[in-house]
Structures are given as structure tokens and as C-alpha cells.
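Written out below as C-alpha cells is the structure these notes cover.
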2 protein chains.
Amino acid sequence: MAQKVKLSTIADELGVSTATVSLALRDSPLVADQTRDKIKQTARDLGYIYNRRAASLRTSRSGIVGVCVHDVMNPFFGEILKYVEHELDRRRQTFILSNHYDDLSKQRAFVDTLLQLGADGLILSPAVGTPAADIQLAEGNDLPTVLIARTIEGAGVCGFRGDDAFGMALAVDHLIADGHRAIAMVGGTEQTSTGRDRAAGWRSALRKAEIEPRPEWRIEGPRSRDAGFQAGLAFAKMDDRPTAAVCFSDLVALGFMYGLARAGLTPGSDIAVIGYDDIEEAGIATPSLSTVSNGQAEVGHRAAGALLDRLAGNPPSEETVLIRPTLKIRDSSRFRG
Amino acid sequence: MAQKVKLSTIADELGVSTATVSLALRDSPLVADQTRDKIKQTARDLGYIYNRRAASLRTSRSGIVGVCVHDVMNPFFGEILKYVEHELDRRRQTFILSNHYDDLSKQRAFVDTLLQLGADGLILSPAVGTPAADIQLAEGNDLPTVLIARTIEGAGVCGFRGDDAFGMALAVDHLIADGHRAIAMVGGTEQTSTGRDRAAGWRSALRKAEIEPRPEWRIEGPRSRDAGFQAGLAFAKMDDRPTAAVCFSDLVALGFMYGLARAGLTPGSDIAVIGYDDIEEAGIATPSLSTVSNGQAEVGHRAAGALLDRLAGNPPSEETVLIRPTLKIRDSSRFRG
DNA sequence: CTGAAAGCGCTTACAG
DNA sequence: CTGAAAGCGCTTACAG
């Protein structure tokens, strides 16, 4: 390939200085219109490619925002990311995506990479067990951070997530109103705020109705479709099986329904199932999945917005914004207790 | 925050030169062990962060690899990416991910960003209608490119994908052997190599069995779960409905089965369905989905490997590697024609 | 409105 | 084994 074209190539070609070329290409009003047009045309003709590393070294802004979640293949995160992507795109920020798979060392390696690249910000759904110090390390090195989906005590940064306890209680209240008394909760762990809060919502809604949740109703663990499937198979064989189940997520619920079906039960007719998240698939699943709408669009938009605000120089907020979930009743919870 | 720590901060602290610090941190054998240890310790103590922009400006290697696919939420791509990620991780390459949603201008913007960042390479599943010139632009500007899943005529770069025509014929042959004579093909378009080749495989397998595919058996278009669902609803109402359907992808097939079920048919009992890709969900779907295993692991590994090879200085290959698919029979194709 | 010069933080010959 | 100096390609005061 030909010699690399840089600012000075254009400057030499036109007999102007690199300063003028630099300003012209960025549409500075300091440059005369005619000069600007000539410069831009020449840049195009020569196939000039802007060197962001050089610019960023000088300006110490990179135009890069890092996004790190448990797994982008999880449609819940995928849907949030779609909105984040859309916001960042509009502001011409490049986004770098990484999965941490709840592995703290992977998350740390990613944050380190962002620091090395001089990234402008980070949107993070923190891995299980992330200490507040990790967030402070990022912030302390000029990497503004916004949390999504999960929160960390004492991290001192802003975050956006659904009101998980409230949302799960909504689902359980509905089932109780439909006559169910034995309601299981499938999936999630105590190690994330999401898992804890949803289980707490389930438990407190039961108690409010003067039902004491039995230990075997809490099927802890599953967070994937596959784990949900296994739980469904096992659930079908339970003695004294609950008549309804709320699930940690739609993904778990969809797997759970596959498992129930595989074991010969018909979800929606033999047992009521409610998911959490309202991912797109919930509406077309058969039976369609009743679920708690968890505001992915709002989380994505607002998290990106909050980060862009900070990049624009506005003061950081430390607030965790709880987005209010709503219940979506479909066919999977038709069965009445 | 404190003054930024850089190489010269460490050098000053220890009374050595920045050259020595630079070499020491990269474990150069030129530096005495004792000096190296002292330098590394000081770097840690001061909280030094390596500035990759500066390094990359100097060395013109960035350690960044771009990956661009239609949609990371599509499990087929997601599974490939998992393997790509794994390979790149091992070689300490940072990967930047982007969706192009089959929008050529989004794809171009991403490639441009990579060029500006001085990325070392690109792994691309090209958007519908990508001209060979786009690939050559990347290559011409020192951005080695490897294609996955889809191929482009005359692009002159290496690529990895399944043998789509062969794979689809495998599925159709199986259905014919099971007694089916009327076999639909649901989803995919003529505008991607994938869509064309799979449809060609379906058509030629039918003809080999002396069955002339009827136009209404080819349900073109659907490539998402949702579109598959709609196709399932419509399919159930067809006059003279085929007894079997092969689908463009598992995602389409799973949506299609949801649609059939919604319309009151039982996939696997009332109609045979076969998908394509063998994504993880295929095994737990109920009925479990018969499908064509499309080698995501191999595509991911080999594409990353080929790119890393080129980065290591090996000569480029222009070969398109066709990975041989295999048929996985499960319950969704139990029904016999 | 335009130019000359310094500097962002590294790495790499080169010299010793 | 270590140091002094140049240079990667930009942007930003500053001067005119």
C-alpha cells in the first residue's frame, strides 16, 4: 500500500500548515470556508484516515465507552445494550463490549484495558462479588462508571435497575389472588442484588398473605435457560408440588416450561408460571409467558444518558434509580390454584 | 486524583531512564533482574497505568481486533463469538464488537472506526449487499480481514463457513427417507450466500428425489424467532399443507414451532420440523429440535486463528473454508410423511 | 484567518 | 546492562 496519508501530507499538498488542516477537518469556524472545502476535498482524494490514537494522546479523550455485562447472549442484557448502543451511536462514541461471565478477574482485565486505552466511561453490570473498591479504582483513574441491573453497596456511583422486590411481589400477589397458596421461586442466587431482592419480594408477598414459604419452594441457582430446563424436569417430580412458580428471569422460565413439557406437564394448564424481564420471546412463546416488565429500554437509555452527561462535564450523581416494573399477564399463568 | 503516573514518574523515582523502565515492564532480557524487579514493584506501588495509545502510536500495533456481525443477540453468532473471544483472550487482544443489523452504513462506520483506532484486524460476517470493494478498502489500509458465516465473491480474503447447500440437503434427504414428499423451506433470503445456498440445497435434494418444489413451499424472508412465529401461524392455515418443513435457522425453527403450537398443531406429531445451526437451545426445546450442526465452534476458532496467524506475519490466504455440517435428529422430526 | 512550535507518553535504534 | 534523543500523528496555545 502507498505511503500513509497524514495531516502533514495534506498540508504539504496544499501549502498550508497542519494546524489549519486539523482545524478545517473538524469544521472550526476559524478556517475560511474556501480553505476548508479545499482541505476536505484533498483529504478525501488522498484517502486520509484520521488517527484517533494520536488525537487522543494529545486531547486525552478517546471517544471510547466500555460496556461489560455477564453475557451479551442473555436477551435481557442484549435488549439493554440495544438501547445503550443507540444512545452512544448518536453521540459518536465507540463502544467496546465484553462479557465477564461473573468472573471477577475477567471483569478486572477488561477495566484495565479500558484504563490503558484511556476510555471515557464504563457502563457495568457488575460481576457477582465485585467489591466497591473495584469501582472506586475505575473512578479514581478518571473512568466514570454507571451501573446497570445490579447495584453495589457503597460504590458511590449512579445506577439504574428495576425495583426487583416490588416486581416479584407483583407477580406473587397476582398468583395469590388467583387462588394459589403454594408458590415456588425458581432460580437466582443470594449473591447478586437482583437475586436477593427478587427472592425477598417473593417471600414477603407470601408472608403478607400469611403463607409461610416452605424451604423446598425456593429452588435456588438456575440463571440460564438450560438450568431452568433441568429445574423443570426436577420440579415435575416433586411430591406435593406447588401449583405455581415464579422464575428469576424469562430465560429461566422459558427453560423451565420446556422442562415441564418434557416431563409431560402443560405449563399454563397444569401449573402457572411467571417469568421476569419481559424479553421479546415472552410474547411468542407458547404458551405465551406471563412476566414482569423490567424496563430494559429505560435502563439502557438512562444509563447511557447519565454517562454522557458526566462526559459532558456535569457533576456525578450517586443515586441508584429504581425503575418501577409492571406485570404482564399472558397464558402461562392461566391455571388457577 | 493525584498526578498521572507515567514511565518518567517511575524513572525519576528510581533514577533510571524511561527506556529502562519501558524495557523492564515488558520483561526484556536486556534489563538486569534486580533492576526489573525494583521497577515493577515501584510501578505497582505508584498505581502506574500503561498508556496503550502512546505505545500504539509509536509501534503502530494496537492490540485491538474488531468483530462485526449482524446481531450478537442471535445465538448463532453469539456462539461463534464465544469461541472467537476465547482465542483472542488467550493472545491478549482486545476485541471490539459491533452489530451492523445488515445496514451497510453501520458496517462502514464501524470499519472506519477500526481504521482510526489502528485496529490490527477484523472478523466480519458481512452485511447483506457488502461489495468486495469494502473489504479491499479495509485490507488496503492494513486491516487484515477474515470473513465468517457469509462469503463475498471476489473479496480475496479468507473465510470460514458451513457448507450450507450440503447441510440443507442432508436435512431434506432425511425427511424424504422418512416418507415426506411435500417439504417446505421456511426463512432466509436470496441476498446472502447463506440464504441462497440453503435454499439451493433444499431445492436440489427435492429434485434428486424427483419431487418438483412448489413455489408456495418456499416461504422466503423470516430470519428471526418472531418472523418464524408469524410464519408458523400462517403455515398452519395453508391449504394442502406440506407434511414437513426445513427452516433457515434454529431461531426461525423455534419461533415456527411456537407459531404452529399457537395455531393448535403439535410440532413433531402433526408435522416434522428441522432447524439449522444446532444452537444450545435446540436440545432443550420441547419437542427437542432436529437440526443441522453448523460448526460454530470450528468457525470461531479457525477464524480467530487465521487472523492471529496473519497478525503474526504469515502470508494471507484467500481460501474460503467450508466446514462440513452434520445432521442431528431429535424429536421435532419424529412425524413421518 | 493562518503558521511555527511544543508536547501528549510511549518505543526504538544508537551509543556507550 | 543502561541512557540520551528522536519520533509516532495529532491539537493547542500563542503569535502574527
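Protein chains get the first letters and strands the later ones, always in sequence-line order, with residue 1 at the start of each. All values reported here derive from a predicted model rather than from experimental measurement.
- The existence of a salt bridge linking A/Arg36 and A/Asp33 is confirmed by a sub-4.0 Å separation between a basic side-chain nitrogen and an acidic carboxylate oxygen.
- With values rounded to the nearest 0.5 angstrom, B/Leu122 atom CG is found 12.5 Å from B/Phe95 atom CZ.
- Here chain A contacts DNA chain C (any atom closer than 4.0 Å to a heavy atom, that is under 4.0 Å), and the contacts span C/dC1 to C/dG9 from 5' to 3'.
- Neither side chain, A/Thr192 nor A/Arg150, offers a donor N or O lying under 3.5 Å from an acceptor on the other.
- Under the 4.0 Å criterion applied to side-chain N and carboxylate O atoms, B/Asp27 and B/Lys40 are assigned as salt-bridge partners.
- Rounding to the nearest 0.5 Å gives a distance of 6.5 Å between CG of A/Leu25 and CG of A/Leu7.
- Using a 4.0 Å cut-off between charged side-chain N and carboxylate O, B/Glu85 and B/Lys82 make no salt bridge.
- A salt bridge does not link A/Arg223 to A/Asp71: none of the charged nitrogens lies less than 4.0 Å from a carboxylate oxygen.
- In this structure, B/Gly118 reaches neither bases nor backbone, as no heavy-atom distance under 4.0 Å exists between it and the strands shown.
- For DNA chain D, the neighbouring residues in residues 45-60 of chain B, judged by any heavy atom under 4.0 Å, are B/Leu57, B/Arg58.
- Between the side chain of B/Asp120 and the main chain of B/Ser62, a donor-acceptor pair closer than 3.5 Å is present.
- If you check residues 22-31 of chain B against DNA chain C, the residues with a heavy atom closer than 4.0 Å are B/Ser22, B/Arg26, listed by number.
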> So what is the 5' to 3' dot-bracket string for DNA chain C, if pairs are Watson-Crick or G-U wobble with both distances under 3.5 Å, crossing pairs use [ ] and | means the partner sits on another strand?
Replying inline: |||.||||||||.|||
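- With the nearest nucleotide of DNA chain D identified for both A/Thr18 and B/Val16, B/Val16 has the one nearer the 5' end.
- No side-chain donor-acceptor contact under 3.5 Å links A/Tyr101 and A/Gln107.
- Ion pair A/Arg310/A/Glu139 flagged as a salt bridge, since at least one NZ, NE, NH1 or NH2 atom sits closer than 4.0 Å to an Asp/Glu carboxylate oxygen.
- Here B/Tyr83 pairs with B/His301 under the ring-ring contact (aromatic ring centres under 6.0 Å, His included) rule; sequence neighbours left out.
- Partners of A/Arg161 by salt bridge (charged side-chain N to carboxylate O under 4.0 Å, His left out), not counting sequence neighbours, listed by chain and number: A/Asp164, A/Asp197.
- With no hydrogens or angles considered, no side-chain donor-acceptor pair links B/Asp37 and B/Gln41 at under 3.5 Å.
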